[in-house]
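Note that the structure is a prediction, hence the values are computed from the model and not measured. Naming: A, B, ... by sequence-line order, numbering from 1 per chain.
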Amino acid sequence: MGYPYRKIEEKWQQFWEAHKTFRTPEKIDPGKPKFYVLDMYPYPSGAGLHVGHPEGYTATDIIARYKRMKGFNVLHPMGWDAFGLPAEQYAIETGTHPRITTERNIQRFREQLKKIGFSYDWERQVDTTDPHYYKWTQWIFLQLYQKGLAYLAEVPVNWCPALGTVLANEEVIDGKSERGGHPVFRRPMRQWMLKITAYAERLLEDLEMVEWPESTKEMQRNWIGRSEGAEVDFPLAGHPGEKIRVFTTRPDTLFGATYMVLSPEHELVDKITAPEYRDAVKRYQQEAARKSDLERTELQKKKTGVFTGGYAVNPATDQEIPVWAADYVLASYGTGAIMAVPGQDERDWEFAEVYNLLIIRTVQPPDDFTGKAYLGDGPAINSGFLNGLNVAEAKEKMIRRLEETGKGTRKVNYKLRDWLFSRQRYWGEPFPVLHAPDGSTMAVEESELPVELPEMEDFKPQPEADTVTEPQPPLSRAPESWKYVQREGAVYTREFNTMPQWAGSCWYYLRFIDPHNPEALVDREKERYWMPVDLYVGGAEHSVLHLLYARFWHKVLYDLGVVSTPEPFMKLVHQGMILGEMEYTLYLDGKGQPVSVEQVQSDNTHRQTGEKLSFRRLSEEEVEKEGEFFIWKANPQIRIEGRAYKMSKSRGNVINPDQIIEEYGADSLRLYEMFMGPLEQMKSWSMKGVEGVNRFLNRVWRLAADDYTGELLDTVTGSEPTREQLRHLHVMLKKVTEDIEALRFNTAISAMMIFVNEASKWPERPRAILEPFLQALHPFAPHLAEELWEKLGHRDTLAFQPWPEFNEEYIQAETTEVVIQINGKLRYKLELPVNLSEEETKAAALAAERVKELIGDGKIVKTIVIPNKLVNIVVR
RNA sequence: GCCGGAGUGGCGGAAUUGGCAGACGCGCCGGACUCAAAAUCCGGUUUGGGUGAUACCAAGUGUGGGUUCGAGUCCCACCUCCGGUACCA
């Protein structure tokens, strides 16, 4: 029959809302410890919630509810990352204003989240598109601007004139736009940049302070890409005073620099190119300009380049070396120019081979070395005063020599680039900046914030017929009254670009602390109390960008004294992706003949014939496992593909949380999402698994309530619990407590299942046992726990009941099973009183008849005893 | 290529510090209840021997080696899968 989850869940959701149970008051008891547990807030898409959202959200909700019971002041908020492209795209297609769409979607998301019973303080909800919110996003931008951390620059972008917009690298394929196949050009454009590079060192160093997944820290380190080396100047032959500056991590190899390469965009290319090479160089530059960054790297198997006809002087050898232009050198890294050392660099070697350039080894490779460029350590050769030194020593000595002679300097370089902060979109934060007639910029006064988005009806980007015309973002068509501003007699123009979606999410965790403050971004006292975020849970897809940008802004605010901690998020956890149900796929060729899966290539074509294959889904019954493979029962020669796929509309394997709540209840959804496996791990959905946890909740219900009437059972008594009952309870409480602390929710649930299986057998269920159990169950299945708690006669919510502490004393049983091993193999088990000494345990083991038998006439060489656990007798 | 992570029954997973491999859940098999079914309850379920049934024996945590009284866990080499990244000088 099942317990009446629908009625119960609705009742308690209304109760919590009516009583403002989860309100975190503005004035809190500062004597209590705090816990700030944060979810990555969602983009409220039109598709609504999917089952991935409640995974992390349930985990944080369990923690929030647990910490409240532990006596913490808990901050557990939710909000909306609501600026962004889909709403704007939808507006372009349907004419519906993005605000309408956004509000509708937020409404839907909030209802869905409430139906899962999350204990958010909804009065703290923030919405990045709310002018009261983005006022402060703009305010932070002003601080950046005033500190010189925001600047306008001409930077090369992927410009698609036909679409009238700048595309991200991944939106450009083969020089054409992903959507529509329009040509894309790299062109410089005047854009707002944020000087995140000024914080590179601190962003790198402070990763030490935070408790984050090692992989995420490592990704950030790689992204920042610190490398140590030197900048070296190479004078240009025939151009006195001119020089090419390069960055190198291997100054020790300077004697082996046999040529130089400039990136095609390098400013010296024109100057250095000899007249007879001018045409070829121009052509090469144009070709390179047409390729995106991705293409330059991915599509290119063979290196290309062009000789400029110019020469530079190697400062170590005083030899003249040729200068080339080639697109394997990136304009955006280092100085955009390199000294090429083919002997110790694979890329340079490859290039030198193509164009027959001189190769000189300056590090002696080992005798057995057979490769081309040698990157390892070894004594320097062909290197003058460095000869014989190993790489580290040679680097040091060369840098010192360069600095003494003024030919170079020690230098640390970062891969991290400044953050391109403008978008040619409507649905984003306007910049609080004015452009003066003379081309200078001026900040909008703080008192005039927010600069609101103007009302518009047409959000379309403006396509351009040519590649030269300056792009016109949607805001360039805003009403005149918005676009132009009078200041002291002059007419200023507003900025027509808007901020990227990341902007709002860089600081939302701060606004949750003080969401309605009109005077400040966040109140100083409140910030001091609540920050930093103690636990932050969200997807690994934000490992670099969101988390790096947010850390950057936080550090700027830290320097301004707005926040009190150098890092915003102390502990970070990524929930794993949830895949669809396991699917079994049989492949078929054109004649409908089955094809075994090892013949199928990843693009669904036949390995031998290349023919495109069709497929058929099989049910579990049609499939069998044989060894490592799944085979088709109907024809065991045929192997079947068995795997789970990412949920997607096109595959039709999307699970909708609403439907799970409808069929099994929110508590079942919560419990199942946590029971599937470790939080961080990728897992696949199983409807049968949902039924499993639903059965468990039904058993919980029947522990105390009549299955038909819902009345409290009279087997629930006030009697004194037995020692055995107390032991089961406290074993469970210990496991659940420790597992929640460590975010191991799957095993915590399993401990509760074991307890309930046991308790179901008891003819009487003492309240003194049931009540602590319900308290422990509450963070996981709050609706059911509240309902039974009430049935037991309590009038107050469970939410602030103290957490049931376990007592080791009850956990101790009187006897314990001790394992007897002979030579490390399990041979026998012995029931012994607990806490025997090593000697007593050993004596008891050797005294057992069976043990004597097993030893036979063997000689006991050694005995290892672990009290209460194991005796290993080594016999020869 | 490089960086990070993971490989355990039919499936999801457990084993927290080197000490009973497979907890818990799913599925499957058998039984009880029922006119019957659903629901529920009870028992079994790594594989291979062995037994009337226990007992018992052997093998077993991706592969091969090693350390140890004892290895899923530690060390070395390799294979596969997943995620990230890619001419960063």
Side-chain angles (χ1 to χ4, degrees), chain A residues 1-2 213-219 221-223 225 227 229 246-250 253 261 294 296-298 300 303 326-330 332-341 344-348 350-351 413-417 540-541 543-544 574 576-577 582 620 623-626 628 630 642-644 672 675-678 680-693 695-696 698-699 702 707 735 738-739 742 744 746-754 757 760-761 817-829 861-864 866 869-875:
Chain A
M1 184 166 120
E214 202 42 52
S215 58
T216 303
K217 287 194 194 182
E218 201 53 32
M219 278 162 76
R221 285 190 197 109
N222 291 340
W223 192 264
S227 50
V246 301
F247 173 71
T248 175
T249 55
R250 294 292 304 272
T253 62
V261 184
L294 275 184
R296 279 200 193 185
T297 58
E298 238 168 7
Q300 201 158 27
K303 294 203 169 5
D327 67 3
Y328 83 90
V329 172
L330 305 176
S332 51
Y333 183 76
T335 61
I338 61 154
M339 64 179 211
V341 189
Q344 275 75 230
D345 186 289
E346 284 168 343
R347 299 152 300 182
D348 295 342
E350 210 185 302
F351 190 79
N413 221 332
Y414 299 92
K415 211 161 89 181
L416 183 70
R417 299 185 219 164
E541 65 274 20
S543 291
V544 176
H574 300 304
M577 203 199 304
M582 176 83 144
E620 230 178 307
V623 176
E624 206 166 24
K625 180 111 181 208
E626 197 185 73
E628 284 178 72
F630 290 100
R643 55 170 287 202
Y672 176 65
F675 188 62
M676 290 174 87
E680 299 90 333
Q681 201 169 295
M682 188 189 288
K683 323 166 253 280
S684 73
W685 190 266
S686 155
M687 269 316 172
K688 290 288 185 190
V690 183
E691 286 173 26
V693 295
R695 271 200 279 274
F696 163 69
N698 279 318
R699 277 204 299 279
R702 291 197 305 267
D707 203 12
K735 182 86 181 130
E738 289 172 355
D739 283 352
R744 288 187 302 250
N746 53 331
T747 49
I749 293 167
S750 137
M752 290 191 283
M753 286 173 166
I754 294 168
N757 288 346
S760 301
K761 296 179 201 155
E817 203 173 51
V818 172
V819 166
I820 314 295
Q821 295 182 340
I822 310 282
N823 294 337
K825 295 207 174 195
L826 171 69
R827 281 295 124 109
Y828 191 55
K829 291 173 184 177
V861 182
K862 194 176 172 187
T863 313
I864 294 108
I866 315 273
K869 252 190 187 156
L870 158 150
V871 179
N872 185 11
I873 304 163
V874 184
V875 177

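- Separating the CD atom of A/Glu738 from the C1' atom of B/A14 is a distance of 16 Å, rounded to the nearest angstrom.
- At a threshold of 4.0 angstrom between heavy atoms, the contacts of A/Glu817 include nucleobase atoms, whether or not backbone atoms are also involved.
- Among the protein residues, A/Ser686 comes within range of no part of the nucleic acid, since none of its heavy atoms lies under 4.0 Å from any strand.
- A/Leu870 comes within 4.0 angstrom of a base, heavy atoms only.
- B/G4 has its base anti relative to the sugar, with a glycosidic angle deviating from 0 by more than 90°.
- If you take CZ of A/Phe696 and P of B/G25, they are 9 Å apart, rounded to a whole angstrom.
- Across the interface with RNA chain B, nearest-nucleotide mapping of A/Tyr672 and A/Lys761 shows A/Tyr672 to be the residue nearer the 5′ end.
- Among the heavy atoms of the strands, none lies under 4.0 Å from A/Thr863.
- Nearer the 5' end of RNA chain B, as judged by each residue's closest nucleotide, is the contact made by A/Phe630, out of A/Phe630 and A/Asn757.
- Salt-bridge check for A/Glu214 with A/Arg221: passed, with a basic side-chain N closer than 4.0 Å to an acidic carboxylate O.
- Contact check, A/Asn746 against B/A14: a side-chain N or O comes under 4.0 Å of OP1 or OP2.
- In this model, the phosphate group of B/C41 is approached by a side-chain N or O of A/Arg702 to a distance below 4.0 Å at OP1 or OP2.
- One N or O on the side chain of A/Asp739 and one on the backbone of A/Ala748 form a donor-acceptor pair closer than 3.5 Å.
- Checking B/A23 for Watson-Crick or G-U wobble geometry (two distances, each under 3.5 Å) identifies no partner in any strand.
- Residue A/Lys825 places at least one side-chain N or O closer than 4.0 Å to OP1 or OP2 of B/A59.
- Not one side-chain nitrogen or oxygen of A/Arg221 sits closer than 4.0 Å to the OP1 or OP2 atom of B/U85.
- Contact of A/Lys735 with B/U16 (side chain to base): a donor-acceptor pair of N or O atoms is detected under 3.5 Å.
- When atom types are taken as modelled, the side chain of A/Asp348 and the backbone of A/Val341 share a donor-acceptor pair closer than 3.5 angstrom.
- Counting non-hydrogen atoms under 4.0 angstrom, A/Ser215 reaches the backbone sugars and phosphates but no base.
- Within 6.0 Å of the CD atom in A/Glu541, the count of heavy atoms belonging to other residues, nucleotides or ligands exceeds 12.
- For B/C26, one of the phosphate oxygens OP1 or OP2 lies less than 4.0 angstrom from a side-chain nitrogen or oxygen of A/Arg695.
- For A/Asn823 (side chain) and A/Val875 (main-chain N/O), a donor-acceptor pair under 3.5 Å exists by modelled atom type.
- Although no hydrogens or angles enter the test, the distance criterion places a donor-acceptor pair under 3.5 Å between the side chain of A/Lys415 and the main chain of A/Asn222.
- Pairing of B/U61, defined by two Watson-Crick or G-U wobble distances under 3.5 Å, is not identified with any nucleotide.
- Annotation: B/G7 and B/C57 have their P atoms spaced 31 Å apart (nearest Å).
- Backbone-only contact: A/Pro678 has heavy atoms under 4.0 Å from sugar-phosphate atoms and none from a base.
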Report all interatomic pairs (protein N or O, nucleotide N or O of nucleotides 61-70 of chain B) with separations under 3.5 Å.
{"residue": "B/C69", "atom": "O2", "partner": "A/Asn872", "partner atom": "ND2", "Å": "2.2"}

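- By the 6.0 Å and 45° rule, A/Lys303 stacks over the aromatic ring of A/Tyr328.
- In the interface, the side chain of A/Lys303 is paired with the base of B/C87 through a donor and an acceptor atom under 3.5 Å apart.
- Among the atoms of the strands shown, only primed sugar atoms or phosphate atoms (P, OP1, OP2) are found under 4.0 Å from some heavy atom of A/Lys869.
- At the phosphate of B/A89, OP1 or OP2 sits under 4.0 Å from a side-chain N or O atom of A/Ser227.
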For A/Asn413 and A/Ser227, what are the C-alpha separation, side-chain angles and deciding distance, and is it a side chain to side chain donor-acceptor pair (under 3.5 Å)?
-> CA-CA 5 Å; A/Asn413 221 332; A/Ser227 50; 5.9 Å; no
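- Residue A/Arg643 is classed as having no contact, given no heavy-atom separation below 4.0 Å to the nucleic acid.
- Across all strands, A/Met682 comes closer than 4.0 Å only to sugar-phosphate atoms, never to a base (heavy-atom distances).
- If you check every strand for non-hydrogen atoms under 4.0 Å, A/Asn413 touches nothing.
- Put simply, the side chain of A/Asn872 never gets that close to the backbone of A/Ile864: no donor and acceptor are under 3.5 Å apart.
- Computed from coordinates, the A/Gln681 CD to B/G12 P distance equals 10 Å when rounded to whole Å.
- The phosphate of B/G27 (OP1 or OP2) has a side-chain N or O of A/Lys688 nearer than 4.0 angstrom.
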